Amino acid sequence: MPEQLTLYLLKLSPLSQKIELALVEANAPYKAYQVDIFNKPEWFASKVNPIGRVPVVTYGGPDVDPEDPSPLSAKISESNIILEFVAYPDSGLLPKDPVLRANVHFFINATTKHIEDPFYAFLRGLESYENGSVLKGIEFIQGLFKEGRYFAVGDHYTIADACITPHLARLKIVTETDIGDFPVGAGYMLGEELKGPKFSTFMKYVKRMLEHRSFKQIHDEESVIAFFKKIFIKRVQ
Ligand SMILES: N[C@@H](CCC(=O)N[C@@H](CS)C(=O)NCC(=O)O)C(=O)O
């Protein structure tokens with residue numbers, strides 16, 4: 001990208017990770033500024049994002065200190081919209097073929113609806129494991145994978161892969177550690193179900209994406225586990 005790009009993020013959040021992943025894949029230089037979302041600096045809402053959420057990108061304008069953002073830069077928020085922005089024409093993150101592009105957009109919407117929403121509701125103890133929405137969502141996503149394909153869409157890494165991978169990493173953690181505000185054992189139960197033949201295509205994709213070079217570069221599993229231990233405290237016995 002020809003102009004300055006600053007990413008305001010919460011390093012351990014999956015939504016921020018999506019953007020870092022896309023930027024690394026695009027080989028785009030960027031400055032990362034970690035926002036303490038539990039104690040946000042006053043200037044963040046007034047100068048970067050009025051609703052106070054991350055991730056946000058500032059693009060263009062003078063190359064300034066991230067703590068003193070310029071009114072001349074564009075402010076782009078909402079992780080899926082930032083993903084689209086990062087996939088500028090020669091980033092290589094969006095296929096040129098219009099059908100494949102449509103498939104990428106569909107996959108991103110489906111990830112939010114069928115993975116992000118049900119999985120974090122389950123994690124927060126707002127949806128029971130028994131209602132099956134997490135597994136139904138995974139099944140829906142699995143149905144989008146074409147036989148023998150390495151990536152989510154087409155033959156190359158796209159923003160579809162960047163969008164889903166951070167959630168897959170958290171799914172792995174939950175199924176291996178049982179950390180979350182759900183009844184004890186529900187995380188392990190989900191893990192057992194996913195080991196079955198019904199989900200083998202999905203699980204092979206998970207493995208490939210978690211081992212992908214760019215993801216390994218930006219992800220530290222131990223730090224996410226430590227963060228989860230801090231934020232999920234209500235264990236229903
Ligand atoms: N729909 C937004 C959600 C952003 C969001 O909820 N960000 C969280 C961190 S993961 C946040 O900034 N929370 C702080 C707050 O709401 O005050 C997106 O996809 O970017």
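Just the heavy atoms: all of them, side chains too, but no hydrogens, waters or symmetry mates, feed the values below. Keep in mind that what you see is a predicted model, and the values were worked out from it rather than measured. Counting starts at 1 for both ligands and their atoms, in listed order.
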In the protein, which heavy atom is nearest to atom 13 (N) of ligand 1, and how far is it?
I37 CD1, 4.0 Å

Within ligand 1, which atoms have a heavy atom of P55 less than 4.0 Å away?
20 (O)

In terms of residue, atom name and distance, what is the protein heavy atom nearest to atom 20 (O) of ligand 1?
S79 N, 2.8 Å

Under 3.5 Å donor-acceptor, E116 side chain and L15 backbone
no

Please could you name the atoms of ligand 1 that S13 approaches to less than 4.0 Å, counting only its heavy atoms?
10 (S)

Would you say F38 ends up clustered with F232 if hydrophobic residues are merged whenever their side chains have heavy atoms under 4.5 Å apart, either directly or through other cluster members?
yes

Of all protein heavy atoms, the one nearest atom 3 (C) of ligand 1 is L15 CD1, 3.6 Å

Checking a contact table here: which protein heavy atom is nearest atom 8 (C) of ligand 1, and how many Å away?
V54 O, 3.8 Å

To check your reading of the model: name the closest protein heavy atom to atom 1 (N) of ligand 1, its residue, and the distance in Å.
E78 OE1, 2.8 Å

Do the ring centers of F85 and Y59 come within less than 6.0 Å of each other?
yes

To check your reading of the model: name the closest protein heavy atom to atom 15 (C) of ligand 1, its residue, and the distance in Å.
K40 NZ, 3.5 Å

Is the centre of the H212 ring less than 6.0 Å from the centre of the Y157 ring?
yes

Using the six-membered ring wherever Trp is involved, compare the ring planes of Y129 and F122 and label them parallel, tilted or perpendicular (cut-offs 30° and 60°).
tilted

Protein contact of atom 16 (O) of ligand 1 - nearest heavy atom, named by residue and atom, plus distance:
R53 NE, 3.1 Å

Please determine, by modelled atom types, if K136 and N131 share a side-chain donor-acceptor pair under 3.5 angstrom.
no

Do F145 and Y205 pass the ring-ring contact (aromatic ring centres under 6.0 Å, His included) test, and can you show the C-alpha distance, the side-chain angles, and the key distance before you say yes or no?
CA-CA 9 Å; F145 295 132; Y205 173 77; 4.4 Å; yes

